[in-house]
There are 4 protein chains.
Amino acid sequence: MATEVDVQPDTHEEIMGATYRALCKHGYAHLTMQDIADEFDKSRSLLHYHYDTKEELLLAFVDNIVGYIGDRLAESETEEPLERLEEYVDRFVIEPGEEDRETFALALLELRVQAVHNEAFRERLATHYETNVQTVADIVADGIEAGVFREVDPDATGEAIYTALVGARMYQVTLGAERASRRMRDRLAEFVVDDLLTDGREPADYAGNGPEN
Amino acid sequence: MATEVDVQPDTHEEIMGATYRALCKHGYAHLTMQDIADEFDKSRSLLHYHYDTKEELLLAFVDNIVGYIGDRLAESETEEPLERLEEYVDRFVIEPGEEDRETFALALLELRVQAVHNEAFRERLATHYETNVQTVADIVADGIEAGVFREVDPDATGEAIYTALVGARMYQVTLGAERASRRMRDRLAEFVVDDLLTDGREPADYAGNGPEN
Amino acid sequence: MATEVDVQPDTHEEIMGATYRALCKHGYAHLTMQDIADEFDKSRSLLHYHYDTKEELLLAFVDNIVGYIGDRLAESETEEPLERLEEYVDRFVIEPGEEDRETFALALLELRVQAVHNEAFRERLATHYETNVQTVADIVADGIEAGVFREVDPDATGEAIYTALVGARMYQVTLGAERASRRMRDRLAEFVVDDLLTDGREPADYAGNGPEN
Amino acid sequence: MATEVDVQPDTHEEIMGATYRALCKHGYAHLTMQDIADEFDKSRSLLHYHYDTKEELLLAFVDNIVGYIGDRLAESETEEPLERLEEYVDRFVIEPGEEDRETFALALLELRVQAVHNEAFRERLATHYETNVQTVADIVADGIEAGVFREVDPDATGEAIYTALVGARMYQVTLGAERASRRMRDRLAEFVVDDLLTDGREPADYAGNGPEN
DNA sequence: CATGAATGAGTTTTCATTCAT
DNA sequence: TATGAATGAAAACTCATTCAT
């Protein structure tokens, strides 16, 4: 009966947090309502009071996590295309010791794989993917318009940058390929960013920290 | 009692095939022994006769799938670094309609995500990852040595090429991003291969079909 | 704490109405407090405020429904035994389209079956049964005394008439035996009423509508 | 997966027996799979091995009980219409102390009430009802043809006899109306059988015992 | 009075695994 | 090998009831 919108913000957030922790701890395949309840300070029944089924709860969780990232995507400290591109790419880097960010990336990855078998998940995550691609594409398009970047296909380039980053990060979080995300950042700088620059302008030195895409 | 080595080759292969089909159909998270038995022409009990536990069966399956790909990785029709690189990259492209290859890529992806929570999976898939990275790195190194490619870090470049391809393919198979793998191939040609070439030598026109990495 | 006598008449009636609708819609076996609350314009908690337990609420409902019928049983427009008997029998007939009356008969039937497993229900419904049997028995006794009916056992005859009617009605409401109650009315006229009449007096033509026994 | 036909006769019968005992003990409304398992010498899981759902098990039970009665309906020791009618009616009588037969009648009654809310039950029980009505109607028709009974509507008369008996028996088993079924037998003899007989032939003295309808 | 939140016991169902044959 | 039967633990989900407000 109760749907996510009826849930009190606090309780809703608490459940989302518990779900997040349980998902990271047990993995999607072995995640049970009990696991979530164990991370929650209320009873298991209450989860069913707020969400009729496990599926519904997890769907709310996908909405939550996708929304969380989306909110941070737009944030930027500069208008400069090159800087914005570097900032975007940099946010994907997960350094050793940043376990929370690695965990977050993993949760998202687990959901993405489930999306294959879950239409509702797929719909939401496809939007998330498109938003990311578009974000990079917009930066590239802006750069071209500003004469900073050479003329490339902004959409195709944006997609390549985004999926390459996700691919590297996947190896880092699933197989423990240490610093793979940072190495991809460097490779993008070497092969893509450098190539995009029409003149000899030097890429800035940077170190960022932002949303986990 | 019985361990995988005791399994008759034929039965073993049949079970591996059934596991593959069941995994693709139901997804790792919802995969049951019954699902596997349903794709097998024998009973569920027989699965337990051959493999003591579900975990053991799935582990044998990871070995099987990783071995299958490994066997094909070495195959190549040429010695030429540029051609070998193009051939490698090209093997990742999954065109619309190649459902079997998409399905295979998905199965591998599901296992990769499980690897986070399963040490034995992780070990085997990490080797698979390293083999792939090394394969590309070797091609790049050969190219540098042959003077065809400019001097780059072969390992870092190999890893970037491989993970970028996997990242693009992931979006194609999970979220239905049509032709994402082909677009990544083209972006790699545009940004990486082109950049690697020291002279104005033209990349060959190619269309390959190979192992699913 | 709160017992049925504390309940405000209006609220009590509203709850009884909601219980009735919920019972008819879901059946006793699947009836939940939530089902009743759904037919009520107030919350589920309020039901527990008025009735400590579900059992108590349903017991009040049995009282309510039995009392409702009892109130109507005495009503009659005539003193004439034959007419009163015909009127009584006629009130059991449920014609096609009289869904409300069919529904009511079903609710009563559901409660009667539960009575086997519930002493309190049984007590109340047994009284209801006895009242009905007595009502017919009185009519028959009056008829005998008035010389309109031949000498039969009033109690046994009253019980037979009543239970036969209920039996026929049961098939109509449970298995959809259309017009079974009317056919029973006609059979009672043919075999019983006609037989009771000492002389050749014709049974009146009638069509009634009254309480659901 | 498994359907009733696959179940080994013995196990099937054991489960049906356990279901019967549990149903009588707890009533349909409160019947749980655990209750059935408690009457079964095997585990609760086994019930689900044989019947996917509780609903399916109960449906098999309806089939079983209806089939059981049906098998006995045809049995008769005579060809004589009057005797067959008396025998049929007599089989409905449940004497004090015949608790098994009372229990059986109750089980059937419980299922009949559930039929309202369960299409599959309704279908099977409607057939059972029609078979019974037809059985009596055939006896009456035979009697008319043989000149033993006067000309009445065999179907309507058959239905009235059957539903009257069931109605009386319902009061006996639900409200403890002792000997109500026997009294109905006597009333049917007095009002119906006697009336049917064209000449002064005396109804035989009888006392039967047969299937519970 | 009235409600939404919360709970715990219980209910159906699932599923890996074992066992007798 | 091969299977159907059987089991126990755990899973999702239900629901009457209680409680704070």
Side-chain angles (χ1 to χ4, degrees), chain A residues 1-2 6-8 10-11 14-15 30-37 40-58, chain B residues 1-2 6-8 10-11 30-37 40-58, chain C residues 1-2 6-8 10-11 30-37 40-58, chain D residues 1-2 6-8 10-11 14-15 30-37 40-58:
Chain A
M1 223 102 328
D6 299 333
V7 177
Q8 297 305 315
D10 283 353
T11 302
E14 274 174 42
I15 294 177
H30 300 107
L31 184 66
T32 70
M33 290 297 271
Q34 184 60 61
D35 292 334
I36 298 173
F40 189 39
D41 69 337
K42 305 285 176 54
S43 74
R44 187 170 73 244
S45 309
L46 192 59
L47 297 176
H48 278 104
Y49 174 77
H50 288 303
Y51 304 93
D52 281 350
T53 64
K54 184 187 180 185
E55 168 122 10
E56 198 179 301
L57 190 161
L58 291 172
Chain B
M1 233 125 306
D6 300 333
V7 176
Q8 298 305 317
D10 282 354
T11 302
H30 299 109
L31 183 66
T32 69
M33 290 297 273
Q34 185 60 60
D35 292 333
I36 298 173
F40 190 37
D41 68 339
K42 303 287 173 55
S43 75
R44 186 175 29 152
S45 306
L46 194 58
L47 296 176
H48 274 102
Y49 175 80
H50 288 303
Y51 304 92
D52 280 349
T53 66
K54 185 187 180 186
E55 168 115 13
E56 197 180 301
L57 190 162
L58 291 172
Chain C
M1 239 128 300
D6 299 333
V7 176
Q8 298 305 316
D10 282 353
T11 302
H30 299 109
L31 183 66
T32 70
M33 290 296 272
Q34 185 59 59
D35 292 334
I36 298 173
F40 190 36
D41 68 338
K42 303 289 173 54
S43 75
R44 187 175 27 152
S45 306
L46 194 59
L47 296 176
H48 274 101
Y49 175 81
H50 289 304
Y51 304 92
D52 280 351
T53 65
K54 184 187 181 187
E55 168 116 11
E56 197 178 301
L57 190 162
L58 290 172
Chain D
M1 223 100 328
D6 300 331
V7 177
Q8 297 305 318
D10 283 351
T11 302
E14 274 174 41
I15 294 177
H30 300 109
L31 184 66
T32 69
M33 291 297 272
Q34 184 60 61
D35 292 333
I36 298 172
F40 189 41
D41 69 337
K42 305 285 177 55
S43 75
R44 186 169 76 244
S45 307
L46 192 59
L47 297 176
H48 277 103
Y49 174 77
H50 288 304
Y51 304 93
D52 280 350
T53 64
K54 184 186 179 187
E55 168 119 10
E56 197 180 302
L57 191 163
L58 291 172

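Treat the numbers as computed from the prediction; the structure is a model and nothing was measured. Letters A, B, ... are given to chains in the order of the sequence lines, protein chains preceding strands, and every chain is numbered from 1.
In terms of position on DNA chain F, the residue among A:L31 and C:T32 whose nearest nucleotide sits closer to the 5' end is A:L31. Closest-nucleotide positions on DNA chain E for A:D41 and A:R44 were compared, and the one nearer the 5' end corresponds to A:D41. Positionally, the nearest nucleotide of DNA chain F for A:E55 lies more toward the 5' end than for the other of A:E55 and C:E55.
The nearest whole Å value for the distance from the CD atom in D:Q34 to the P atom in E:dT13 is 14 Å. D:H50 places its NE2 atom 16 Å from the C1' atom of E:dT14, with the value rounded to the nearest Å. Atom P of nucleotide F:dG8 and atom NE2 of D:H48 are separated by 16 Å, given to the nearest angstrom. What separates NZ of D:K54 from P of E:dT14 is a distance of 15 Å, to the nearest Å. The separation between A:L46 atom CG and F:dT18 atom P is 18 Å, rounded to whole Å. Put simply, NZ on A:K42 is 13 Å from P on F:dA20, counting in whole angstrom units. The distance between atom CG of A:D52 and atom P of F:dC15, rounded to the nearest whole Å, is 11 Å. Counting to the nearest Å, the C1' atom of E:dC19 and the OH atom of B:Y49 are 14 Å from each other.
In this structure, B:I36 and B:T32 have side chains that are not in contact, with every pair of non-hydrogen atoms separated by 4.5 Å or more. Taking 4.5 Å as the limit, every side-chain heavy atom of C:L57 sits out of range of all side-chain heavy atoms of C:D52. Side chains of D:H48 and D:M33 form a contact here, defined as non-hydrogen atoms less than 4.5 Å apart. Side-chain contact between C:Y51 and C:L58 is absent, with no heavy-atom pair separated by less than 4.5 Å.
Interatomic distance, CG of A:D35 versus CZ of A:R44, reported as 10.5 Å (0.5 Å rounding).
In this structure, A:S43 reaches the E:dT7 phosphate: one of its side-chain N or O atoms is under 4.0 Å from OP1 or OP2. Proximity of B:H30 to the phosphate of E:dC15: no side-chain N or O atom is located under 4.0 Å from OP1 or OP2.
Base pairing of F:dA11 is made with E:dT12, judged by Watson-Crick or G-U wobble geometry with both donor-acceptor distances under 3.5 Å. Both distances falling under 3.5 Å, in either a Watson-Crick or a G-U wobble arrangement, place F:dA2 opposite E:dT21.
Here C:S45 lies in heavy-atom contact (under 4.0 Å) with a base.
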